[in-house]
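What follows is a single structure, written as structure tokens, with notes after it.
Only heavy atoms go into these numbers, but all of them, side chains included; no hydrogens, no water, no symmetry mates.
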Amino acid sequence: MTTVTTGTPAQAASVGTAHTRVEGRDKVTGAARYSGEIPFAGMAHGWLVLSTVARGRITALDTDAVLAMPGVVAVLDHREAPRLNTDYVGMLGTPPDPTCAVFQHDRVPHLGWPVALVVAETSEQAREAAESLVVHYEQEPHDIDFDGEHPDAYPVDGFMPAVTGKGDLEAELAASAHVVDAEYTTPEEHHSMMEPHAATARWDGGRLEVVDSNQGATWVVGELANLFSLDPASVRVRSEHVGGGFGSKGVRAHQVAAVMAATALRRPVRVVLTRRQMFSLAGYRSPTTQHVRLGADATGRLRALEHRSVSVTSTVHEFVEPSAGVARVMYDADAHHTANRVVRLDLPTPTWMRAPGEAPGSFALEAALDELAERCGIDPIELRLRNEPERGPVSGLPFAGRSLPACFEEGARRFGWADRDPRPGRRRDGRWLLGTGTAAASFGAGAAPSTATATAHQDGTFTVRIAAADIGTGARTALTLVAADALGVAPDRVRVRIGDSDFGPAMIAGGSMGTRSWSWAVTTAGAELRERLALSGDIPAEGITVRSDTTAAIGALAPAERHSYGAQFAEVAVDVATGEVRVRRMLGIFAAGRIVNPLTARGQFLGGMTWGISMALHEEAVRDRASGGHVGADLAGYHVATHADVPHIEADWIEDTDPDDPVGIKGIGEIGIVGAAAAIANAVWHATGVRHRNLPIRPDRVLAAGGAPDA
């Protein structure tokens with residue numbers, strides 16, 4: 001036996017210090033392999049065939065000619081595919097989207113619906129054969145027209161109640177000295193991460209193994225086990241490196257199709273989505289139409305707040321973009337009413353996308369607050385501070401800290417807000433009109449039960465295992481620092497292994513809850529192992545391992561409104577002769593709890609803010625009414641912000657502690673985008689004197705609206 005010594009109180013803390021990514025060298029040298037790159041002996045390749053009609057039924061598939069093509073080994077479709085179980089509620093508390101339960105019937109509910117999988121020896125052979133497969137349809141009329149006043153819109157609870165309300169809205173509006181009554185719209189948006197969705201399925205004895213790119217290995221295990229009626233213990237999912245997810249990498253059609261093919265052929269089968277297929281099968285952010293009514297007294301205090309949002313869902317699955325939810329946290333009023341409704345259309349099902357609800361919802365709410373500030377003749381920051389709530393406006397729960405005023409105070413100082421002339425259209429730089437704007441941000445700071453193991457080895461090192469997912473956020477590095485502090489050792493003595501369902505249940509990388517949830521489990525395991533070593537000290541050859549489970553601890557956490565907060569600032573330049581809008585600088589100041597790794601944290605904030613630029617000025621998926629499909633389902637037709645669009649951006653944070661929280665970590669992956677588009681839109685108004693309530697703020701919209709010099 002060997003004795004291993006953990007650290008002493010003199011060991012410098014690792015959490016809070018900048019640390020480069022522990023897997024960084026592997027990624028930049030290509031040693032880090034992604035799910036579509038890992039080889040398997042005897043592997044075949046599957047290629048999905050998607051419907052070319054937006055509504056109808058399949059009447060025939062000409063598979064004989066395809067089966068005769070070189071390398072083709074199988075064609076799977078609804079006629080012979082195994083029946084799947086969809087009568088269950090998954091990890092996220094919802095039934096599965098039937099789009100992932102492929103080949104179960106002959107119905108086609110939207111363009112791009114999976115109708116077959118062609119399997120061949122090479123991906124090139126599979127693609128050629130898939131594109132050669134002729135599918136016959138009985139086509140039916142389809143409806144993809146989204147309208148916020150759609151007569152069939154109805155409320156959906158989703159992850160929050162669909163409707164909340166208190167007070168007499170109409171009476172308070174009538175009694176208000178200042179009223180804003182406006183409609184705001186956001187378009188369909190797509191995740192567009194660098195790595196496409198990819199999965200390889202194989203059977204190893206009696207156990208199914210899936211190598212996948214996902215946001216939670218145990219999440220995918222649960223879904224696949226339910227769909228295929230398997231014992232979860234007989235399913236293993238690995239996801240070592242993930243090239244971006246943003247909410248879309250859960251269970252999708254490609255994983256299920258790969259499992260079907262591997263089961264039928266008894267050999268490994270890989271299915272990778274193309275960029276074009278991802279526009280149909282990977283989910284997206286629904287377009288929204290949001291109606292906001294605000295009423296304030298002469299001092300700017302809100303008497304009435306109404307935020308109603310309508311979004312799209314498919315005809316096969318209910319998903320709501322809960323945009324009105326942000327108003328339930330940010331501001332209170334004597335009459336406070338919110339509602340989230342959906343419209344069923346012949347379109348793919350939307351899904352979670354970075355800051356679901358908060359991103360589009362904050363645009364509408366924070367733009368409306370800016371309009372109200374103008375009506376009241378009050379500085380936009382001062383108006384927000386006057387309407388700081390004492391408790392959750394809807395929940396009634398106390399805030400476990402609310403540092404939004406401090407974010408605005410620090411942000412205003414650093415941005416130079418005090419020097420701003422509040423009148424629009426007053427600043428010019430040559431042909432450019434200049435303006436500045438601000439907006440508030442918030443995002444929930446939740447946690448979910450997770451398990452982790454910590455092992456002490458004879459050589460003085462430690463291994464921590466947890467089924468976390470690093471989707472580019474730097475979670476692997478953050479957990480290394482957390483584990484090092486829990487064990488009282490330097491980070492170079494800790495190896496963190498993630499992305500394997502065999503490590504036990506763990507929270508997904510989603511909802512800005514991943515690092516917080518995993519750190520809790522890792523801290524607990526590390527502390528228990530440290531105590532164990534202090535008592536014994538002797539390490540056998542196999543090491544000493546302890547396992548943690550945070551279920552009870554999280555359940556005992558006192559109920560409160562827990563959120564990260566932020567203040568967004570933007571300066572824009574607008575050329576009303578060409579319609580061009582350029583963001584010149586941005587500043588975000590955040591209150592996001594204990595910052596584990598300042599280096600990667602700043603990258604997350606900046607990434608969200610950059611996406612806010614993209615949301616405000618560029619992103620818009622346009623559909624053709626005749627076909628029901630996208631006009632440009634690729635990164636040439638779907639515009640995102642590029643290097644030339646990204647100006648000088650700064651992100652920083654203030655001290656933000658919760659004395660009742662044993663972890664102190666809050667989510668940072670999503671709050672960076674919240675409020676960013678509103679700050680830019682408010683800055684465009686300040687530059688031109690014209691309000692833009694429809695995103696993105698395209699050049700043609702700027703030209704049509706005009707504005708300044710006499711704003």
Going by the rule side-chain contact (heavy atoms from CB on, under 4.5 Å), which residues pair with T17 if we only count those two or more places apart in sequence or in a different chain? none

Under 4.0 Å between a Lys/Arg side-chain N and an Asp/Glu carboxylate O for R354 and E189? no

Single hit among R465, R238, R236 for salt bridge (Lys or Arg N to Asp or Glu O under 4.0 Å) with D500: R236

Please report the shortest heavy-atom distance between L117 and A257, naming the atom on each side. CD2-O, 3.6 Å

Side chains of T351 and R252, donor plus acceptor under 3.5 Å: yes

Anything under 30° is parallel, anything over 60° is perpendicular, the rest tilted; go ahead and classify F605 against F590. parallel

If you measure only the distance, is there a donor-acceptor pair under 3.5 Å linking the side chains of T477 and N597? no

My understanding is that only residues two or more places apart in sequence, or in another chain, count here; which of them pass side-chain contact (heavy atoms from CB on, under 4.5 Å) with I38? R33, F40, V211, R270

Tell me the closest heavy-atom pair linking F246 and Q215, and the distance in Å. N-OE1, 3.7 Å

Given side chains that start at C-beta, do those of P98 and Q104 come closer than 4.5 Å, heavy atoms only? no

Taking all atoms of both residues into account, what is the closest heavy-atom pair of A467 and G504, and its distance? CB-O, 3.3 Å

Looking only at heavy atoms, the pair that brings P232 and V221 closest together is O-CG1, 3.8 Å

Distance alone, cut at 3.5 Å: any donor-acceptor contact between the side chains of S123 and W47? no

Only one of R516, R594, K666 clears salt bridge (Lys or Arg N to Asp or Glu O under 4.0 Å) with D661; which? R516

V256 side chain near L227 side chain, heavy-atom distance below 4.5 Å: yes

Using distance alone, with no hydrogens and no angle criterion, decide if S213 and K249 have a side-chain donor and acceptor under 3.5 Å apart. yes

Pairs in or reaching into residues 222-234: which pass side chain to side chain donor-acceptor pair (under 3.5 Å), with residues at least two apart or in two chains? Y88-E223

Heavy atoms, side chains only, cut-off 4.5 Å: are W203 and T263 in contact? yes

S248 and H197 side chains, donor-acceptor separation under 3.5 Å: yes

Any side-chain donor paired with an acceptor under 3.5 Å for T463 and H457? yes

